Amino acid sequence: MSGPAVLPRSGPDDGTAQPVYLSAGNGTALGVNGARVSIVIAARNNGPFLAATIESALSQTVPCEVIYADDSSIDGSVDLARRFEPAGVKVLPSDVHAGVCETRNRAARAARGDYLVFVDGDDILSPDFVAQHLRAMRPTAPFVYGAARAFGEFSCLWDAPEWEASDLWRHNFVNTSALWNRLAFEASGRWREGILTMWDWDLALRGARLGTPRRSDAVLNYRQHADSWSAGIREKHVEQQTRLFPRFRRLNARLSVGSVVSGRVAKLFPRWMSAVAQSVRLIGTPEPVDLVLLDNTHDPAVRGLLRSEAGRYSATFETVRVLSHPGRIRSSSEPDRRDQTARFMADACNRLRTELRGDIHWLIEDDILVPLAAGAELFHALTDGWAPPHAVTGCYRNRHVPDQYVGGWFRDGQPAELRCLPEEPVAVDLCGTGCLMYWAPRTPRFWDSHLRGIAAHDWEWCLRLKASGGTLLMLPAVRCGHAVDGDRVLGA
């Protein structure tokens, strides 16, 4: 199988360049620069609608390989599909009812296309559906997606936003019949087998890590009837989605943990590392977790300690990286020290932003001891609900003002930090980076050092998050210790 084709350009990469389509003469598409397209129809007992679906696949303006994969139908669907074999349709029957994801994957293994389009056995493709998708495809895009128009028992249009204006972790807008780069489909892990519903969102979340998807003008004609796969589970109802959304976020979100180690409390590091590792294990995420430590100690002995202690938890983290992060703070006054510290921390947070590989980043300062349940509490709060928060933070006392917590609100332009903790999670305007977990794709991508002349890299980031409509929750249940030095730790 040849690799994905490079789109020929006659002008700027603005969507105006048109791909060239060539027919192979044998029912297989020769799309962009000769790339082949396979349409996979996977269905079970869709006999009343199947012929129309197959005919719409064969009627594409770009000739495509068409595969019908049957999931042990008992309504004569296989015999109906075999009538189209003279037109080039490949029929894959099965004696075992395995489910939609397994059926699609079985057909994908038999497909010869460089690009794959998956279609349910009751939907209809407009004649230019594949052509519209191919027109939007670029070499770096894992898939292209479009809108869907319901027809049948009810009619509506589910539009799809441009990728730059989208929030895929909040809700899905990528339907089953996206056009997938074959290599990206394989690298994403194919359709996840053994899950009940929302297959398209599950795959799109994984595939979007591989590049920037693109919106096309293709519109899927999505039939609505009582026997459709989605009708029984009512997945488009808000109540059902509110229950399903957290499940699929937690199933797919990758977590990264990052910290800057200054050496001020190096004696605390073995306890810090043990607490972080145990907390990560209790999250129970199926996705791998990586750990990045930025070493600012300038001390080979401490560097050795970091490597040896972190290395003890190689079973917890997929990767552990200890990276040198140079820079010294030499100040002549307290304002100067705060200024330099803020600049250093902004630079370190920006570096962690680029080094951490996950969808969710958890920043834990080297003088914060997290409780065992911290990771699970933060992770579940960050992935919960119809519209999850953008960031969540644990609670810890201010080392310089022990009766005050790090976090609160801006009132009349002045910060008002908490003096006592509420009983329930509360939305706040600002927090520190001591125990901060956030969605990387949904939050400000750059840390600056000052806010209105105040040396506060954390407050600056938090207020930009709020200005963009983001939500920051403080969780009173996550009560962390804050080290004064290597021996004394303030309890929350």
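Model, not experiment: these values are computed from the prediction.
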For the side chain of [X] and the backbone of [Y], is there at least one donor-acceptor N/O pair under 3.5 Å apart?
X: S256; Y: R357; result: yes
X: D366; Y: V265; result: no
X: D71; Y: A98; result: yes
X: D217; Y: Q132; result: no
X: R397; Y: G491; result: yes
X: H133; Y: S177; result: yes
X: S274; Y: R271; result: no
X: D70; Y: S94; result: no

**Prompt:** Excluding sequence neighbours, so at least two apart, what forms side chain to side chain contact (heavy atoms under 4.5 Å, CB included) with D123?
**Reply:**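 Checked D123 against side chain to side chain contact (heavy atoms under 4.5 Å, CB included); matches are V119, D120, L220, Y222, R223.
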Separation between [atom1] of [X] and [atom2] of [Y], rounded to the nearest 0.5 Å:
X: R214; Y: E164; atom1: CZ; atom2: CD; answer: 8.0 Å
X: L203; Y: T176; atom1: CG; atom2: OG1; answer: 9.0 Å
X: E102; Y: H97; atom1: CD; atom2: NE2; answer: 9.0 Å
X: C64; Y: L116; atom1: SG; atom2: CG; answer: 11.0 Å
X: L294; Y: F344; atom1: CG; atom2: CZ; answer: 7.5 Å
X: H171; Y: S166; atom1: NE2; atom2: OG; answer: 8.5 Å

**Request:** Report the C-alpha distance between W386 and R170 in whole Å, list the side-chain angles of each, state the deciding distance to 0.1 Å, and finish with yes or no for side chain to side chain contact (heavy atoms under 4.5 Å, CB included).
**Result:** CA-CA 7 Å; W386 174 265; R170 176 174 177 174; 4.2 Å; yes
In the structure I gave you, are the side-chain heavy atoms of [X] and [Y] within less than 4.5 Å of one another anywhere?
X: C435; Y: W362; answer: yes
X: R104; Y: W199; answer: yes
X: F173; Y: L168; answer: yes
X: F410; Y: L451; answer: yes
X: L179; Y: F143; answer: no
X: W191; Y: D202; answer: no
X: H361; Y: R353; answer: yes
X: T383; Y: P388; answer: no

**Request:** Examine Y438 together with W461 and report whether their ring centres are nearer than 6.0 Å.
**Result:** yes
Minimum heavy-atom distance between [X] and [Y], given as atom pair plus value:
X: S38; Y: G113; answer: OG-N, 2.9 Å
X: T433; Y: Y396; answer: N-OH, 3.7 Å
X: A266; Y: L305; answer: O-CD2, 3.8 Å
X: G408; Y: L418; answer: CA-CD1, 3.5 Å
X: I360; Y: A253; answer: CD1-CB, 3.9 Å
X: P142; Y: W180; answer: O-CE3, 3.6 Å

**Asked** Does the distance from a Lys or Arg side-chain N to an Asp or Glu carboxylate O, for E186 and R182, drop under 4.0 Å?
**Response** yes
**Request:** Using a strict cut-off of less than 4.0 Å between a Lys/Arg side-chain nitrogen and an Asp/Glu carboxylate oxygen, indicate whether E65 and K90 qualify as a salt bridge.
**Result:**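 Yes, charged N to carboxylate O under 4.0 Å.
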**Request:** Test side-chain hydrogen bond (donor to acceptor under 3.5 Å, both in side chains) on R281 and T316 and set out the steps.
**Result:** CA-CA 6 Å; R281 282 198 293 267; T316 302; 2.8 Å; yes
**Request:** Name all residues meeting the ring pair (Phe, Tyr, Trp, His ring centres under 6.0 Å) criterion together with W201; count only those two or more places apart in sequence or in a different chain, and write none if there are none.
**Result:**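 In terms of ring pair (Phe, Tyr, Trp, His ring centres under 6.0 Å), with neighbours along the sequence ignored, W201 is linked to F245.
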**Asked** Quick one: salt bridge (Lys or Arg N to Asp or Glu O under 4.0 Å) pairs with a partner in residues 252-263, sequence neighbours left out?
**Response** R254-E287
**Message:** I need the full list of salt bridge (Lys or Arg N to Asp or Glu O under 4.0 Å) pairs touching residues 311-328, with sequence neighbours left out, sorted by first then second residue.
**Reply:** E309-R312, R321-E355
**Request:** Please report the C-alpha distance between D159 and R215 in whole Å, then the side-chain angles of each, then the deciding distance to 0.1 Å, and finally whether the salt bridge (Lys or Arg N to Asp or Glu O under 4.0 Å) criterion is met.
**Result:** CA-CA 10 Å; D159 205 356; R215 183 188 183 278; 3.1 Å; yes
**Asked** Listed by chain and number, what are the salt bridge (charged side-chain N to carboxylate O under 4.0 Å, His left out) partners of R338, not counting sequence neighbours?
**Response**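 Scan of R338 (salt bridge (charged side-chain N to carboxylate O under 4.0 Å, His left out), adjacent residues dropped) gives E334.
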**Asked** Please walk me through it: do L210 and L183 pass side chain to side chain contact (heavy atoms under 4.5 Å, CB included)?
**Response** CA-CA 10 Å; L210 303 177; L183 297 182; over 6 Å; no
**V66 and I41: CA distance, side-chain angles, deciding distance, side chain to side chain contact (heavy atoms under 4.5 Å, CB included) verdict** = CA-CA 8 Å; V66 178; I41 303 170; 4.1 Å; yes
**Request:** Check the angle between the aromatic planes of W272 and F269 and answer parallel, tilted or perpendicular using the 30° and 60° thresholds.
**Result:** parallel
**T319 and D290: CA distance, side-chain angles, deciding distance, side-chain hydrogen bond (donor to acceptor under 3.5 Å, both in side chains) verdict** = CA-CA 5 Å; T319 59; D290 64 291; 4.7 Å; no
**Evaluation steps, side-chain hydrogen bond (donor to acceptor under 3.5 Å, both in side chains), between E460 and S449** = CA-CA 7 Å; E460 191 277 337; S449 58; over 6 Å; no
**Message:** Given N252, which partner from the list R192, R247, R209 fulfils the side chain to side chain donor-acceptor pair (under 3.5 Å) test?
**Reply:** R192
**Prompt:** Yes or no on salt bridge (Lys or Arg N to Asp or Glu O under 4.0 Å) for K267 and D487, after CA distance, side-chain angles and deciding distance?
**Reply:** CA-CA 8 Å; K267 182 179 178 181; D487 298 306; 2.7 Å; yes
**Fill in**
Which of L382, L473, T471, L472 passes side chain to side chain contact (heavy atoms under 4.5 Å, CB included) with H390? Answer is T471
**Cation-aromatic face contact R249/W439, 6.0 Å, 45 degrees** =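 Here R249 fails the 6.0 Å and 45° test against W439.
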**Message:** Walk me through whether R343 and H457 qualify under side chain to side chain contact (heavy atoms under 4.5 Å, CB included).
**Reply:** CA-CA 7 Å; R343 294 182 188 279; H457 74 290; over 6 Å; no
For residues 367-375, which side-chain donor-acceptor pairs fall under 3.5 Å, sequence neighbours excluded?
unit_1, atom_1, unit_2, atom_2, d
D367, OD2, R264, NH2, 3.0
D367, OD2, R399, NH1, 3.0
D367, OD2, H482, NE2, 3.2

